[in-house]
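The structure appears right after this line, and notes come after that.
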Amino acid sequence: MVDTETTATEAGRDFIRDIVQADLDAGRTQSVVTRFPPEPNGFLHLGHAKSICLNFGIAREFGGTCHLRFDDTNPIKEEQLFIDAIQRDVRWLGCDWGEHLYYASDYFEQLYEWAEHLVRTGKAYVDDTPPDAMRTQRGTLTEPGQNSPFRYRSVEENLDLFRRMRAGEFPNGARVLRAKIDMTSGNMNLRDPVLYRILHTDHPRTGNAWSIYPTYDFAHGQSDAIEHITHSVCTLEFEDHRPLYDWLLDNLPVPSHPRQYEFARLNLSYTVLSKRHLTRLVTDKHVTGWDDPRMPTIAGIRRRGVPAAAVREFIGRVGVARAYSTVDVAMLDSAIRDTLNPVAPRRMAVLRPLKLIIDNYPEGQTEALEARNHPDNPEAGSRSVTFGRELYVEQDDFMENPPKKFYRLSPGKEVRLRYGYFVTCQEVVKDESGAVVALRCTYDPASKGGNAPDGRKVQATLHWVAAADAVPAEIRLYSHLFNRPDPGADGDVLADLNPDSLEVLTGCLVEPSLSQAPVGEAVQFERTGYFALDPDSQPGRPVFNRTVGLRDTWAKVQANTKG
RNA sequence: UGGGGGAUAGUUUAGCGGUAAAACUCCCGGCUCUGACCCGGGCAUCCUUGGUUCGAAUCCAGGUCCCCCAGCCA
């Protein structure tokens, strides 16, 4: 595991933290309590990471606590599998809820009692109106709704009906419990919202104990109140629910009245951050699972090799505001590189091998060369790499007819083999079809270690592996899951899937030290990118995922000259 | 003439009446045993119109555009 510690980075300032600070200063809040409240109906993604970092971050920065609470009020979509995965992911992000693990279902009995309280005070009623008719009665965005004929039932009848709903006497959908607020309100959420529905479904935690379940609106605020949450932070789409959140707390004998604040959810270019769409990708097998490295899920990016610290760094850079926005995925890549660069060990791996033969190097001879594990950190130490007569370099590092700005190998050109010697390309070996199969070179024995005694320079330094001990590997290259920055903007998200988001390279050769790499921990393949061992690896047959590529100025130069 | 929100560089965010800041991207250049990292430099009529003011991204008034809400989902 990479760095699960919560770094003591400087707390970013935003409007929510300003509110918390002001509440603390004014004495309105004694001790801050926040919560992260996922519904266990899928895996966590980068959007949740923003909420997690915000809620746990605020608690940590202001000396408060943050609860993990599962909003498990809809058993139709929820599973234990997701409850487990969510805890694993939150922990991996470096967040600790301590003893404060809760479930909305812990409060089902209390919520039920409060529902009866509303009935007794004439503020809730049982409605037999079928869903279709209820929708009609609710009116439209511009027209007020009509009162349900069942709105005028007596308290006694409502109580009796509601108890029988709980007892399981009625089928799904037969009746609901509704709050009696205002069918003419401009806010649709106040047009007598449903508080309880009949659901004869087993719940992952309460089994078949209940045949009615509270809605989000009836569960969330009260759960916050029970836990004495001080600042209930959620995303902008719940803004319209705040009046209902407050109405319920004002009309119930709750132990506290938390305040809800909303921020803009995270959107990322070239991907989707909506559980609905991500679930679709998984169930329709457009990806291998929730942890497919192309997925924007926590499990996916972790498998890709992204350290938790990089996610936190990214979330910190993105900030928290109320303006709708879509963050450029390049910002994520940059945060990953910046996190990995100072710590990732350097290794050499050739993704698309091209044989290089050094004619003047003694046949059968090999020698050990010292290679630094990190260019800027001597404490990272060094390792030994084998040099020999036959090596492999990257196909991209050779061009028979190079353009002017091409610094790498070409006929007659001298370059440096990293940690090794200067070599000069003398001859290009081709097969019958004319394809380049090998390079015959000569080396300068005096340049051992990488520098020529006469001080002459080379334009390029190439990474390489020795034929004698290179280990074959599979390397998986990932690019954007979607081929446009705003998937689904034309209606169909799946139509925007990038068919080339996964490229599997099978003939790769990596230096032997890489066969002992720990799973999931990114190393830098010099000049190529950051890579992490995938759990699919077999003994002697490593599989690497590209976490993120290095910035590639040469690729840009090429692209620009072509264009 | 339903309700609720939002508009600052290509992208995110800061700025809270004193003359636009940071990160990312992009472009130019330097350095380099990774064309990486690093180091210079460049890139904004602050949605718009008018008003208040010595002074407005910030205050006021009108307009424009964008987002959310009509689940017995969350």
Side-chain angles (χ1 to χ4, degrees), chain A residues 12-14 37-39 41 71 73-74 76-77 127 129-131 134-136 138-145 172-178 184-191 193-199 212-213 215-217 219-220 234-243 262 264 266 269 275-276 314 316-335 337-338 341-342 346 348 372 375-376 405-408 415-420 422 449-451 457-463 485 524-529 549-557 560:
Chain A
R13 273 292 164 175
D14 53 68
E39 183 189 15
N41 66 343
D71 224 330
T73 57
N74 185 3
I76 292 170
K77 303 199 295 183
D127 194 339
T129 308
M134 197 180 288
R135 188 176 341 109
T136 307
R138 187 155 23 233
T140 68
L141 295 179
T142 53
E143 298 163 317
N172 288 352
R175 302 177 215 269
V176 294
L177 182 74
R178 288 227 257 174
T184 68
S185 172
N187 183 341
M188 301 299 286
N189 295 299
L190 263 20
R191 319 248 262 226
V194 170
L195 269 23
Y196 269 92
R197 71 282 215 192
I198 299 170
L199 246 34
I212 58 172
Y213 291 93
T215 56
Y216 162 84
D217 287 305
H220 204 94
C234 62
T235 46
L236 247 27
E237 61 268 32
F238 291 101
E239 241 177 323
D240 289 348
H241 291 249
R242 187 168 6 107
E262 311 87 13
L266 175 68
S269 62
K275 239 188 272 190
R276 186 177 127 249
F314 167 66
R317 291 184 189 187
V318 162
V320 180
R322 286 178 65 88
Y324 302 90
S325 60
T326 298
V327 175
D328 190 339
V329 71
M331 225 186 258
L332 207 214
D333 293 343
S334 172
R337 291 192 197 101
D338 287 353
N341 179 46
R346 310 290 132 123
M348 293 201 285
R372 270 157 284 149
D376 311 319
K405 299 284 260 175
F406 188 81
Y407 299 156
R408 286 107 102 142
V415 299
R416 171 168 41 232
L417 293 178
R418 184 135 228 226
Y419 308 121
F422 283 13
N451 288 299
K457 302 286 185 190
V458 290
Q459 282 188 118
T461 300
L462 272 38
H463 62 278
Q524 185 192 99
F525 289 178
E526 294 210 56
R527 302 208 307 131
T528 306
L550 252 30
R551 272 188 64 221
D552 191 346
T553 306
W554 168 238
K556 270 172 213 155
V557 171
N560 291 345

From the list [options], which nucleotide is the closest neighbour of the side chain of [X]?
| X | options | result |
| --- | --- | --- |
| Glu239(A) | C73(B), G4(B), U13(B) | G4(B) |
| Ala323(A) | C72(B), A7(B), C37(B) | A7(B) |
| Tyr407(A) | G35(B), C72(B), C24(B) | G35(B) |
| Ala321(A) | A74(B), C69(B), A14(B) | A14(B) |
| Asn187(A) | G2(B), G3(B), U25(B) | G3(B) |
| Arg322(A) | G71(B), G6(B), C73(B) | G6(B) |
| Glu39(A) | C73(B), C72(B), C24(B) | C73(B) |
| Ser325(A) | C72(B), A74(B), U12(B) | U12(B) |
| Asn74(A) | U25(B), C73(B), C72(B) | C73(B) |

Quick one: Arg346(A) CZ to A36(B) P, roughly how many Å, whole number?
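My rounded result for the distance is 13 Å.
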Please give, in whole Å, the distance from U13(B) P to Asp328(A) CG?
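Result: 13 Å.
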Looking for any heavy atom pair under 4.0 Å, which part of the strands does [X] touch: base, sugar-phosphate only, or nothing?
| X | value |
| --- | --- |
| Val318(A) | sugar-phosphate |
| Arg416(A) | base |
| His241(A) | base |
| Asn451(A) | base |
| Val458(A) | nothing |
| Phe422(A) | nothing |
| Thr140(A) | base |
| Thr326(A) | sugar-phosphate |
| Ser269(A) | nothing |
| Thr215(A) | sugar-phosphate |
| Thr184(A) | nothing |
| Pro243(A) | nothing |
| Glu262(A) | nothing |
| Arg408(A) | base |

If we take the P atom in both A57(B) and U45(B), what is their distance in whole Å?
13 Å
Using the C1' atom on both, measure U53(B) against A70(B) and round to a whole Å.
46 Å
Base partner of [N], which must satisfy Watson-Crick or wobble distances under 3.5 Å:
| N | value |
| --- | --- |
| G2(B) | C69(B) |
| A20(B) | none |
| A7(B) | U64(B) |
| G55(B) | none |
| G40(B) | C28(B) |

Give every pair of a protein N or O atom and an N or O atom of nucleotides 66-68 of chain B that lie under 3.5 Å apart, one pair per line with the distance.
unit_1 : atom_1 : unit_2    : atom_2 : d
C67(B) : O2     : Tyr324(A) : OH     : 3.0

Over 60° means perpendicular and under 30° means parallel, so tell me whether His241(A) and Tyr216(A) are parallel, tilted or perpendicular.
perpendicular
Only counting residues at least two apart or in another chain, list the ones meeting side chain to side chain donor-acceptor pair (under 3.5 Å) with [X].
| X | answer |
| --- | --- |
| Tyr213(A) | none |
| Arg416(A) | Thr461(A) |
| Thr129(A) | Asp127(A), Ser148(A) |
| Arg527(A) | Asp397(A), His463(A) |

Got a salt bridge between Glu143(A) and Arg138(A), using NZ or NE/NH1/NH2 to carboxylate O under 4.0 Å?
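No, this pair does not count.
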Would Glu39(A) and Lys275(A) pass as an ion pair if we require N to O under 4.0 Å?
no
Is a donor from one side chain sitting under 3.5 angstrom from an acceptor on the other, for Arg317(A) and Ser334(A)?
yes
Answer yes if the ring centres of Tyr407(A) and Trp554(A) are under 6.0 angstrom apart, and no otherwise.
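Centroid separation for Tyr407(A) and Trp554(A): 6.0 Å or greater.
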Can you say whether a donor on the side chain of Arg527(A) sits under 3.5 Å from an acceptor on the base of G35(B), or the other way round?
no
Base of A36(B), side chain of His463(A) - is there a donor-acceptor contact under 3.5 Å?
no
Mark this stacking check for Tyr216(A) against A74(B) as yes or no, applying ring centres under 5.5 Å and ring planes under 30°.
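Tyr216(A) ring does not meet the centre or angle cut-off for A74(B); no stack.
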Name the orientation of the base relative to the sugar in G40(B): syn if the glycosidic angle is within 90° of 0, else anti.
anti
Would you tabulate the nitrogen or oxygen pairs shorter than 3.5 Å linking the protein to nucleotides 26-29 of chain B?
unit_1 : atom_1 : unit_2    : atom_2 : d
C26(B) : OP1    : Lys556(A) : NZ     : 3.0
C26(B) : OP2    : Lys556(A) : NZ     : 3.3
C27(B) : OP1    : Asn560(A) : ND2    : 3.0

Quick one, Tyr419(A) with Met348(A), criterion side chain to side chain contact (heavy atoms under 4.5 Å, CB included). Give me CA distance, side-chain angles, the key distance, then yes/no.
CA-CA 11 Å; Tyr419(A) 308 121; Met348(A) 293 201 285; 4.3 Å; yes
